[in-house]
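Only one structure is covered here, and it is reproduced in the block below.
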Amino acid sequence: PDFVTIGEPVGIGGIKITAGVAILHEGAVEVTGDESAIVDRGDGQGDRGQGGGMVLVVGDGNGRVGLGNGKANEVTEAIRKAVESASREMRRIKIEGTTIPHQVIGEFGAGRVLMKPASQGHGIIAAGPVRAVMEAAGVADISVKCLGSRNPQNLVRSTFAGLNSLRSFTDVARARGKKIEELRGT
């Protein structure tokens, strides 16, 4: 993947990125995908332009992550819109240490993602788009298996669906009227 900073011209010098999955992490945008659209400029002839959409993930690396969309004729404008949208949609996800509290399956469209917690030092075992989401969220140890569609946009959205459905030990203990130690079996 190519890395560019916000404001740098994209679409010049062989980087024709107009659609796909983009990850904003620590001031850089990781962009994957390539798509051109037929643009009618009003003269009756359709030309292949570089307009398109952008799916972008913004994370602080500390449990807050957001997903945003941006569409525009210029790629930099699409990235700017996606960053604004993702920043507005940021949510806190449940993290226990360096991993997730329990196994979960996230679903969106035909995409299904199985996420399993892992012990410290295990690392992130995941496909490209899902790995980028985990890094942006600050999850350092996790095993992920893509069960359905391999479409990057569906993978990212199903990963978010799974992360948003996580419940911490504290939440479950409070709901059941038990102590955290009873749930963990210690």
task = Supply the atom-to-atom distance Leu183 CG to Ser168 OG, rounded to the nearest 0.5 angstrom.
result = 10.0 Å

ask   = Quick one: CG on Asn62 to CZ on Arg92, what's the gap to the nearest 0.5 Å?
value = 6.0 Å

task = Could you tell me whether Arg91 atom CZ has more than 12 heavy atoms of other residues or ligands within 6.0 Å of it?
result = no

Val139 vs Ile95 side-chain heavy atoms within contact, under 4.5 Å = yes

ask   = Taking all non-hydrogen atoms of both residues, which atom of Ala82 and which atom of Leu56 are closest, and how far apart?
value = CB-CB, 3.6 Å

task = For the residue pair Val65 and Met90, establish whether any side-chain heavy-atom pair is separated by less than 4.5 Å.
result = no

message = Tell me the closest heavy-atom pair linking Pro101 and Leu166, and the distance in Å.
response = CD-CD1, 4.2 Å

request  = Answer whether the closest heavy-atom distance between the side chains of Glu135 and Ile124 falls below 4.5 Å.
outcome  = yes

Contact list for residues 115-132, test side chain to side chain donor-acceptor pair (under 3.5 Å), sequence neighbours left out = His122-Ser143

message = Just so I know, are the side chains of Arg64 and Ile93 near enough to count as touching, which here means a heavy-atom distance under 4.5 Å?
response = no

query = For the hydrophobic clusters of this structure (ILVMFWY residues joined by side-chain heavy atoms under 4.5 Å, transitively), does one cluster hold both Phe108 and Ile100?
reply = no

request  = Give every residue pair that meets the salt bridge (charged side-chain N to carboxylate O under 4.0 Å, His left out) criterion with at least one member in residues 152-168, sequence neighbours excluded.
outcome  = none

inquiry  = Return the CE to CE distance between Met115 and Met134, rounded to the nearest 0.5 Å.
reply    = 5.0 Å

query = With no hydrogens and no angle check, is any side-chain donor or acceptor of Asp141 less than 3.5 Å from a backbone partner on Ala118?
reply = no

query = With distance as the sole test, does Ser85 use its side chain to make a donor-acceptor pair with the main-chain N or O of Lys81 at under 3.5 Å?
reply = no

ask   = Atom OG1 in Thr170, atom NZ in Lys179: separation rounded to 0.5 Å?
value = 14.5 Å

request  = Indicate the atoms forming the closest heavy-atom contact of Pro129 with Val156, along with that distance.
outcome  = CB-CG2, 3.8 Å

query = Which pairs pass side chain to side chain donor-acceptor pair (under 3.5 Å) with one or both residues in residues 102-115, sequence neighbours excluded?
reply = Glu107-Arg112

task = Assess whether side-chain contact (heavy atoms from CB on, under 4.5 Å) is satisfied between Asp171 and Lys94, documenting all intermediate values.
result = CA-CA 10 Å; Asp171 296 340; Lys94 310 289 190 221; 3.2 Å; yes

inquiry  = Just verifying a value: how many Å separate Leu114 CG and Ser158 OG, rounded to the nearest 0.5 Å?
reply    = 11.5 Å

query = Less than 4.5 Å apart, any side-chain heavy atom of Leu67 and any of Val58?
reply = no

inquiry  = Working to the nearest 0.5 angstrom, can you tell me the gap between Leu155 CG and Ser149 OG?
reply    = 6.0 Å

inquiry  = According to a hydrophobic-cluster definition based on side-chain heavy atoms being under 4.5 Å apart (Ile, Leu, Val, Met, Phe, Trp, Tyr only), do Leu147 and Val113 belong together?
reply    = no

